[in-house]
Undergrad: 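Let me begin by handing over the structure; questions about it come next.
Worth knowing before you read on, the calculation uses all heavy atoms, side chains too, and leaves out hydrogens, waters and symmetry mates.
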Amino acid sequence: MIVLSAQNVAKAFGVNVVLKDVSFTLQQGDRIGLVGVNGCGKSTLMRIIAGLDTPDSGEISIVRGTRIGYLAQQDMVTSGASVWAELEKVYEPVFEMEKRLRQLENEMEHAHTDPAEFSRLSADYDKLTRRFEDADGYAWKSMVSGVLNGLGFKPSQYDQNVDSLSGGEKTRLCLARLLLQKPDLLLLDEPTNHLDMETLSWLENYLAAYRGSVLVISHDRYFLDHVCTGMVEILMGTSEQYNGNYTRYIAQREERFETRIRAYELQQKEIERQQAIIARYRMFNREKSIRAAESREKALERMEKLEKPVDERAIRFRFEARRRTGEDVLMIHEVSKSFGEKHLFSNFSLHVRAGDRIALIGPNGVGKSTLIKLITGEVPCDTGEIRYGSNVDVGYYDQHQSALHPEKTVLDEVWDRFPRMEQSDVRGALGMFLFTGDDVFQPIKTLSGGEKGRVALTALMLRKDNLLLLDEPTNHLDMDSREVLEDALSGFSGTIITVSHDRYFINRVADRVIEMLPDGVTEYMGNYDDYLEKKNRPVEQETVAGKTRTELDKEKRREKMNKQALRQLKVRAQEAEKAVGAKEEEIAELEAQLADPNLYADVKYAAEVQKAYQRAQGELTRLYEEWEAAEAALQEES
């Protein structure tokens, strides 16, 4: 059954058209993710559905009787109430039912002499009891404490006045109130803000089992992957609906784009063919041919022209290392760090090998970013030692972009770091990150957080370092930019150490997860899903099929080495394919020269071109063999 239907919804604020033609449906039990770039109108659409705004045109249809719950990015709580009292209000109808049940019990006690009245009261009592049970009348206290605990509130906070809560805590309290209300249609605008990984996991499980329907806006791709059964993307004021979670949506979007670009290219070829025929008919300059030309021109005018599809993921870049490191990249031994009375960690040790992809996770304030700064030398260790291996070039991405100069332009910020580059090459690199035309002359201080991040990534790409230290690299980046960054890091042949709260990013990039907690550090082999599986595994299961912990650790190390080897093979195959393509282009240019009769006017130069052509053919044969060998090895390892 369709619970919500949006048909041709449009909305503008003055001359700013936000939504032009948005249509989608939400079925009973669906959990739909609403995605799109910042400012595309997601929150506006959510407010229209919630009834807080009206569309300029189009229609929102909601099944009669549907109870709607709406969580905005900024929500309100009752001033002066305690945390517990704020949520108690949800159950005021339950408390009224309980009072009525006590009244009915009292009336039944005095109605024994009147069987008909007693029967009527008993029937009313049974109906109200069932309603009371369905409304969690007997379990409301455990429901409240369960939701509070799941959203990160400690029992010591239950009596805390809501006025003393932080902004993030107030948002979580509003979310708790909404979840306890159990509306038929749950509208959530960025519910994952202010939630740590443990709380996010609880919310994902809660929503995945939710009986009602959910429409959610979120930039957390891991959350969307684990909660959503469908996706709606808002693009240029229009909408597209997809089945499946976030990962399936990305694959379908790519398929749809390729289908559209093929259809567009085919139509363009047909238009060119028809125009050539029309031109030939007009050249004949006869009445019959002119009529035929006019007929085809009218057919072209009637043709519904396809717009050229715009590739949403416009950023395209890759990370390369200018040289290889030794096997040992970084050795951290017994390192400790404190700031005054604030103790972060002690006796921290880590051995980083070539090709490792390590994600540092843990709560805020545990010292993850500080550890990165210790590695770069920006902050000194209190105790211990940090040593680099041979040929290690360190590239550092700072989440705060503190190395950027506010007064410099985008162009000067990058060019001053690479003064030997030609301006055209610097602008070409910036163009990969969507800084085109006069964009490169903007002062750094005028840029948004995402734009500053793209400037820093441009400089990092050009450095071609072989050890990347990344502190929250996906912060401020939109979803498409994050996808492109992950693709670039997946093809990187060097070593990566990253601090990140982005679980989707960790899943795609990491092969080792190091969890830093106030009481110590634990290492897990694999990505974020592997970390979760191993962290939640009972200790007694560590011995599997008679294998000791030592044997299991050896297997994990072998598995990691296999992953590294597979990644290196992928890089080798990609480089070989690229080399083949470049050589084929060179041969095509030489063939064009050899086909030109004017070449042979200079016999000596023609002979040189012929020799170059033969050399290139021999090199192409060798490159093909290398490519085939790399692909064969890759197939064997896969």
Undergrad: Could you check whether any side-chain N or O of T238 sits under 3.5 Å from a backbone N or O of V22, counting only pairs where one atom can act as donor and the other as acceptor?
TA: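 Checked: no pair found.
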Undergrad: Could I get the full list of side-chain hydrogen bond (donor to acceptor under 3.5 Å, both in side chains) partners for R31, not counting sequence neighbours?
TA: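 With sequence neighbours excluded, R31 shows a side-chain hydrogen bond (donor to acceptor under 3.5 Å, both in side chains) to no residue whatsoever.
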Undergrad: Roughly how far, to the nearest 0.5 Å, is CD1 of I62 from CG of L26?
TA: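 Answer for the CG-CD1 pair, L26 versus I62, is 10.0 Å.
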Undergrad: If I compare all heavy atoms of V513 with all of G526, which pair ends up nearest, and what's the gap?
TA: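 Scanning both residues completely, I find the closest heavy atoms to be CG2-O, 3.5 Å.
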Undergrad: Does Y397 form a side chain to side chain contact (heavy atoms under 4.5 Å, CB included) with L468? I'd like the steps, not just the answer.
TA: CA-CA 8 Å; Y397 179 93; L468 299 182; over 6 Å; no
Undergrad: Which residue in the set D487, D220, D502 passes salt bridge (Lys or Arg N to Asp or Glu O under 4.0 Å) when paired with R482?
TA: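 Among D487, D220, D502, the one meeting salt bridge (Lys or Arg N to Asp or Glu O under 4.0 Å) with R482 is D502.
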Undergrad: Report the residues that fulfil side-chain hydrogen bond (donor to acceptor under 3.5 Å, both in side chains) with R67, sequence neighbours left out, ordered by chain and then residue number.
TA: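 Once residues adjacent in sequence are excluded, R67 has no partner under the side-chain hydrogen bond (donor to acceptor under 3.5 Å, both in side chains) criterion.
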Undergrad: So, for Y158 and F153, is the gap between ring centers shorter than 6.0 Å?
TA: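 No, ring centres 6.0 Å or more apart.
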Undergrad: How are the rings of H226 and Y222 set relative to one another: parallel (under 30°), tilted (30 to 60°) or perpendicular (over 60°)?
TA: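 Rings of H226 and Y222: parallel, as their planes differ by under 30°.
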Undergrad: Less than 4.5 Å apart, side chain to side chain, heavy atoms only: is that true for M231 and Q241?
TA: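 In short, these two side chains do not touch, never coming nearer than 4.5 Å.
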Undergrad: Side chains of S119 and E117: donor-acceptor distance under 3.5 Å anywhere?
TA: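 Note: S119 and E117 side chains miss the donor-acceptor criterion.
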Undergrad: Taking all atoms of both residues into account, what is the closest heavy-atom pair of L175 and L151, and its distance?
TA: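 In terms of heavy atoms, the two residues are closest at CD2-CD2, 3.9 Å.
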Undergrad: Heavy atoms only: give me the nearest S490-R508 pair and the separation to one decimal.
TA: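 Distance-wise, the nearest heavy atoms are OG-O, 4.0 Å.
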Undergrad: I'd like to know if the side chain of K42 and the backbone of V216 have a donor-acceptor N/O pair within less than 3.5 Å.
TA: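 Here the side-chain-to-backbone pair does not exist.
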Undergrad: Keeping K11 on the side-chain end and L45 on the backbone end, is there a donor-acceptor pair under 3.5 Å?
TA: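 Side chain of K11 to backbone of L45, a donor-acceptor pair under 3.5 Å: no, none is there.
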Undergrad: What's the spacing between D196 CG and R172 CZ if we round to 0.5 Å?
TA: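 The CG atom of D196 sits 7.5 Å away from the CZ atom of R172.
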Undergrad: Can you give me the closest heavy-atom contact between T44 and L19, atom names plus distance?
TA: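 Of all heavy-atom pairs spanning T44 and L19, the closest is CG2-CD1, 4.4 Å.
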Undergrad: Looking at R102 and E105, is there a salt bridge between them, counting it only when a charged N and a carboxylate O are closer than 4.0 Å?
TA: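 Yes, charged N to carboxylate O under 4.0 Å.
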Undergrad: So how far is it from E233 CD to S239 OG, rounded to the nearest 0.5 Å?
TA: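 Rounded to the nearest 0.5 Å, the CD-OG separation comes to 9.5 Å.
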Undergrad: Does some side-chain heavy atom of L34 sit less than 4.5 Å from a side-chain heavy atom of I32?
TA: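 No. Closest side-chain heavy atoms not under 4.5 Å.
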Undergrad: So, T54 side chain and I48 main chain: donor-acceptor pair closer than 3.5 Å or not?
TA: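 No; zero donor-acceptor contacts below 3.5 Å.
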Undergrad: Checking D225 against Y249: is there a side-chain donor and acceptor pair closer than 3.5 Å?
TA: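 Judged by distance alone, the side chains do not pair up.
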Undergrad: Quick one: pull up CD in E472 and CG in L360 and give me the separation to the nearest 0.5 Å.
TA: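 Result: 10.5 Å between the selected atoms.
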Undergrad: For a quick test of reading the model, state the closest non-hydrogen atom pair linking V63 to T66 and the distance between them.
TA: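 Nearest pair, atom of V63 first, then T66: O-OG1, 2.7 Å.
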Undergrad: Using the ring centroid of each side chain, check whether F132 and Y138 are separated by less than 6.0 Å.
TA: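 Ring-ring flag for F132/Y138: true, centres closer than 6.0 Å.
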Undergrad: Would you give the length of the straight line joining atom CZ of R177 to atom CG of L71, rounded to the nearest 0.5 angstrom?
TA: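 Rounded to the nearest 0.5 Å, the CZ-CG separation comes to 9.0 Å.
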Undergrad: If I take atom NE2 from residue H501 and atom CG from residue L195, how far apart are they, to the nearest 0.5 angstrom?
TA: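 H501 atom NE2 to L195 atom CG measures 11.5 Å (nearest 0.5 Å).
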Undergrad: Please examine the side chains of F24 and L215, heavy atoms only from C-beta on, and report whether any two atoms are closer than 4.5 Å.
TA: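 Counting from C-beta outward, L215 and F24 do come under 4.5 Å.
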Undergrad: Do the side chain of S481 and the main chain of L477 share a donor and acceptor less than 3.5 angstrom apart?
TA: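 Not confirmed, S481 side chain does not pair with L477 backbone.
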Undergrad: Ignoring hydrogens and angles, state whether a donor on the side chain of T129 or D126 is under 3.5 Å from an acceptor on the partner side chain.
TA: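 There is no such pair between these side chains.
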Undergrad: Without hydrogens or angle criteria, can the side chains of N149 and S145 be said to hold a donor-acceptor pair below 3.5 Å?
TA: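 Looking only at side-chain atoms, S145 and N149 do not form any donor-acceptor pair under 3.5 Å.
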Undergrad: Main chain of Q401, side chain of K452: is a donor-acceptor contact present, judged purely on distance under 3.5 Å?
TA: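 Looks like no, no N/O pair under 3.5 Å.
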Undergrad: Would you please test D189 and S43 for side chain to side chain donor-acceptor pair (under 3.5 Å) and show each step?
TA: CA-CA 7 Å; D189 193 347; S43 294; 2.7 Å; yes
Undergrad: Pairing donors with acceptors under 3.5 angstrom, does anything connect the side chains of S164 and N161?
TA: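 Judged by distance alone, the side chains do not pair up.
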Undergrad: L178 vs L188, test: side chain to side chain contact (heavy atoms under 4.5 Å, CB included). Steps then yes/no.
TA: CA-CA 10 Å; L178 190 59; L188 303 175; 3.7 Å; yes
Undergrad: Quick one: do R503 and E204 satisfy salt bridge (Lys or Arg N to Asp or Glu O under 4.0 Å)? Show the steps, please.
TA: CA-CA 13 Å; R503 298 165 297 165; E204 286 161 3; 2.5 Å; yes
Undergrad: Does NZ or CZ of R256 come closer than 6.0 Å to the centre of the six-membered ring of Y242, within 45° of the ring's axis?
TA: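 Yes - R256 lies over the ring of Y242, closer than 6.0 Å to its centre and within 45° of its axis.
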Undergrad: Is it true that the NZ or CZ of K337 lies under 6.0 Å from the centre of F339's six-membered ring and within 45 degrees of the ring axis?
TA: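 K337 over F339 ring: yes.
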Undergrad: With the side chain counted from C-beta on, respond yes when L489 and F505 share a heavy-atom pair under 4.5 Å apart, and no when they do not.
TA: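 Yes, their side chains come closer than 4.5 Å.
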Undergrad: Please answer whether the main-chain N or O of G80 pairs with a side-chain N or O of D163 as donor and acceptor at a distance below 3.5 Å.
TA: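 Side chain of D163 to backbone of G80, a donor-acceptor pair under 3.5 Å: yes, one is there.
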Undergrad: As a quick check of understanding, evaluate salt bridge (Lys or Arg N to Asp or Glu O under 4.0 Å) for R454 and D478, giving each step before the final call.
TA: CA-CA 11 Å; R454 288 192 270 123; D478 60 39; over 6 Å; no
Undergrad: Identify, with sequence neighbours excluded, every residue that meets side-chain hydrogen bond (donor to acceptor under 3.5 Å, both in side chains) alongside Q103.
TA: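 R100.
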Undergrad: List in chain and number order the residues that pass side-chain hydrogen bond (donor to acceptor under 3.5 Å, both in side chains) with Y504, two or more places apart in sequence or in another chain; answer none if no residue qualifies.
TA: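 By the side-chain hydrogen bond (donor to acceptor under 3.5 Å, both in side chains) rule, Y504 matches T247.
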Undergrad: Give me each pair satisfying salt bridge (Lys or Arg N to Asp or Glu O under 4.0 Å) with a member in residues 134-158, each pair once, sequence neighbours excluded.
TA: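 Qualifying pairs: D136-K182.
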Undergrad: Side chains of E483 and I250, heavy atoms from C-beta outward: is any pair under 4.5 Å?
TA: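 E483 vs I250: side chains touch.
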Undergrad: For S336 and S346, which heavy atoms make the closest approach, and how far apart are they?
TA: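 Looking at all heavy atoms of both residues, the closest pair is OG-CA, 3.2 Å.
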Undergrad: Check for a donor-acceptor pair, side chain of E133 on one end and backbone N or O of R130 on the other, with a separation under 3.5 Å.
TA: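 No; zero donor-acceptor contacts below 3.5 Å.
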Undergrad: Quick check: do L469 and I375 have side-chain heavy atoms less than 4.5 Å from each other?
TA: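 In contact.
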Undergrad: Can you list the steps and then say if L186 with L207 is a side chain to side chain contact (heavy atoms under 4.5 Å, CB included)?
TA: CA-CA 10 Å; L186 199 52; L207 292 178; 3.8 Å; yes
Undergrad: Are L173 and L165 close enough that some pair of their side-chain heavy atoms sits under 4.5 Å apart?
TA: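 L173 vs L165: side chains touch.
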Undergrad: A side-chain contact here means heavy atoms from C-beta on lying under 4.5 Å apart; do E515 and E523 qualify?
TA: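 Side chain of E515 against side chain of E523, heavy atoms only: no contact under 4.5 Å found.
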Undergrad: Any salt bridge between K534 and D529, counting N to O under 4.0 Å?
TA: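 Result for this pair is no, no salt bridge flagged.
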Undergrad: Within a radius of less than 6.0 Å around CZ of R211, do more than 12 heavy atoms belonging to other residues, nucleotides or ligands occur?
TA: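 Counting other residues, nucleotides and ligands, CZ of R211 stays at 12 neighbours or fewer.
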Undergrad: Go through the structure and list residues passing ring pair (Phe, Tyr, Trp, His ring centres under 6.0 Å) with W140, not counting sequence neighbours.
TA: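 Scan of W140 (ring pair (Phe, Tyr, Trp, His ring centres under 6.0 Å), adjacent residues dropped) gives Y91, F95.
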Undergrad: Within the side chain of S201, is there an N or O that forms a donor-acceptor pair under 3.5 Å with the backbone of E198?
TA: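 Side chain of S201 to backbone of E198, a donor-acceptor pair under 3.5 Å: no, none is there.
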Undergrad: So does R357 get a backbone contact from the side chain of D511, meaning a donor-acceptor N/O pair under 3.5 Å?
TA: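 Yes, D511 side chain to R357 backbone: donor-acceptor pair under 3.5 Å.
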